[in-house]
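Quick note on labels: first sequence line is chain A, next is B, and so on, each numbered from 1.
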There are 2 protein chains.
Amino acid sequence: MLRILGVIGDKWSILVVGTLRDRTLRFGELHRAVTGISQRMLTLTLRQLERDGLLTRTVHASVPPRVEYTLTELGSTLLTAATALGDWAAAHRNEIENNRRHYDEAHPPRARR
Amino acid sequence: MLRILGVIGDKWSILVVGTLRDRTLRFGELHRAVTGISQRMLTLTLRQLERDGLLTRTVHASVPPRVEYTLTELGSTLLTAATALGDWAAAHRNEIENNRRHYDEAHPPRARR
DNA sequence: CGGAATCCCGCTTGATACTG
DNA sequence: CAGTATCAAGCGGGATTCCG
């Protein structure tokens with residue numbers, strides 16, 4: 001079970017899958033769309049997702065090379081399930097941030113003695 | 001958003017929350033219930049969850065000390081959302097493992113040259 | 001353009017020992 | 001029992017370079 005949920009344990013995976021929600025994208029487009037991801041991590045993430053069958057990788061033999069990534073049916077179903085968590089996060093964002101503030105006020109960092 | 005989803009990005013968090021689904025547990029009980037977690041990580045995880053308001057920490061002044069952890073209402077709602085993902089993982093577990101096998105067969109590890 | 005390979009630093013985590 | 005403190009190690013991941 002953990003091996004499966006590892007799919008989403010990696011934060012980049014959900015972001016990449018989410019970015020491909022309703023359109024096929026090239027490597028470079030994904031790189032620009034998913035802000036903050038390095039080329040290395042994008043490559044590794046895409047390999048994982050392809051291996052799991054969540055997306056397909058299509059190479060068009062041309063110059064310059066053109067590689068497109070498209071969400072599979074399976075990938076779409078994951079997105080549906082993950083959306084529940086995304087909605088939860090959005091709905092409780094303020095509440096959680098308030099909780100953190102209160103906690104931090106009540107539990108100040110240990111002072112130097 | 002990422003700061004919020006970080007709640008579940010840490011694999012121990014979901015396991016701990018899930019373990020507290022329907023019962024209050026003491027530190028030691030959690031330690032035994034969540035197999036593989038170190039004392040250190042359990043402590044850190046519990047602090048995070050408490051800070052976010054997903055569970056409450058109750059100290060009973062007695063000898064020996066007795067500290068109980070209980071899921072909050074907020075924690076329960078997270079569990080509900082997370083369950084959607086858990087169900088997805090369970091439902092597609094075989095499919096994904098098949099995909100991985102096929103991928104690994106088609107993409108053997110690079111041989112030494 | 002889309003990667004693969006290498007180097008390497010830092011953060012996370014485990015192991016261990018100590019304490020209220 | 002339920003932690004905290006400390007240290008060392010492993011590896012995740014960024015930066016860089018090179019290739020088809």
Side-chain angles (χ1 to χ4, degrees), chain A residues 2-3 5-16 19-20 24-51 55-70 103 106-113, chain B residues 2-3 5-16 19-20 23-51 55-70 103-104 106-113:
Chain A
L2 284 179
R3 314 188 71 81
L5 283 178
V7 171
I8 61 113
D10 163 32
K11 70 169 181 175
W12 295 121
S13 296
I14 330 100
L15 291 178
V16 168
T19 304
L20 291 174
T24 291
L25 289 178
R26 301 178 57 177
F27 184 89
E29 292 172 326
L30 271 171
H31 195 13
R32 267 170 271 118
V34 182
T35 45
I37 196 170
S38 66
Q39 190 184 50
R40 170 195 170 82
M41 286 315 294
L42 179 55
T43 298
L44 292 178
T45 300
L46 289 171
R47 288 291 173 281
Q48 286 294 314
L49 295 175
E50 183 193 3
R51 186 169 100 107
L55 54 78
T56 60
R57 176 173 181 270
T58 308
V59 180
H60 299 269
S62 62
V63 178
R66 180 183 188 83
V67 181
E68 294 182 331
Y69 294 90
T70 307
Y103 183 93
H107 302 77
R110 292 241 147 257
R112 296 268 161 223
R113 298 287 156 87
Chain B
L2 284 180
R3 314 188 72 79
L5 284 178
V7 171
I8 61 114
D10 163 33
K11 69 169 181 176
W12 294 123
S13 296
I14 330 100
L15 291 177
V16 168
T19 304
L20 291 174
R23 57 192 189 285
T24 290
L25 290 178
R26 301 177 57 176
F27 183 89
E29 293 173 324
L30 271 171
H31 195 12
R32 267 170 270 118
V34 181
T35 46
I37 196 171
S38 65
Q39 190 183 48
R40 173 193 168 81
M41 285 314 294
L42 179 55
T43 299
L44 292 178
T45 301
L46 288 170
R47 288 290 174 280
Q48 286 294 316
L49 294 174
E50 183 193 3
R51 186 168 100 108
L55 55 76
T56 58
R57 177 173 179 270
T58 310
V59 179
H60 299 269
S62 63
V63 179
R66 181 184 188 84
V67 180
E68 294 183 331
Y69 293 91
T70 306
Y103 183 93
D104 292 344
H107 302 76
R110 291 245 147 253
R112 295 267 160 226
R113 301 284 158 91

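In this pair, A/Y103 and A/H107 present their aromatic rings parallel. The plane angle is below 30°, not in the 30 to 60° band.
For A/L42 and D/dG14, the CG to P distance is 11 Å, given to the nearest whole Å. In this structure, B/E50 atom CD and D/dG3 atom C1' are separated by 13 Å, rounded to whole Å. We find that CG of B/L46 is positioned 14 Å from C1' of D/dC1, with the value rounded to whole Å. Remark: P of C/dG14 and CG of B/L44 are 10 Å apart, rounded to the nearest angstrom. Computed from coordinates, the A/L25 CG to C/dC1 C1' distance equals 15 Å when rounded to whole Å. Between the NE2 atom of A/H60 and the P atom of C/dG2 there is a distance of 11 Å, rounded to whole Å. Atoms CD (B/E29) and C1' (D/dC1) sit 12 Å apart, rounded to a whole Å. Between A/Y69 atom OH and C/dG2 atom P there is a gap of 8 Å when expressed in whole angstrom units.
Between A/L49 and A/Y69 the shortest side-chain heavy-atom distance does not fall below 4.5 Å.
In the set D/dT17, C/dG14, D/dA2, the nucleotide with an atom closest to the side chain of B/S38 is C/dG14. Of the candidate nucleotides D/dG14, D/dA2, C/dA4, C/dA4 has the atom lying nearest to any side-chain atom of A/Q39. The side chain of B/R47 sits closest to D/dT4 out of D/dA2, D/dG14, D/dT4. The listed nucleotides are C/dG14, D/dT4, C/dC1; the one nearest the side chain of B/W12 is C/dG14.
B/H31 approaches B/I37 most closely through the heavy-atom pair CE1-O, 3.1 Å. What you find for B/R26 and B/E29 is that their closest heavy atoms are N-OE1, 2.7 Å. Across all their heavy atoms, B/R23 and B/T19 have their closest contact at NH1-O, 3.9 Å.
Considering only side-chain N and O atoms, A/R57 lies under 4.0 angstrom from the phosphate OP1 or OP2 of C/dG3. In this structure, B/R26 reaches the D/dA2 phosphate: one of its side-chain N or O atoms is under 4.0 Å from OP1 or OP2. Applying the 4.0 Å criterion to OP1 and OP2 of C/dT16, one finds that B/R40 has every side-chain N and O outside that range.
Residue A/P64 is the one, among A/T43 and A/P64, whose nearest nucleotide of DNA chain C lies closer to the 5' end (criterion: closest heavy atom). Projected onto DNA chain D by closest heavy-atom contact, A/P65 and B/R66 fall at different nucleotides, the more 5' of which corresponds to B/R66.
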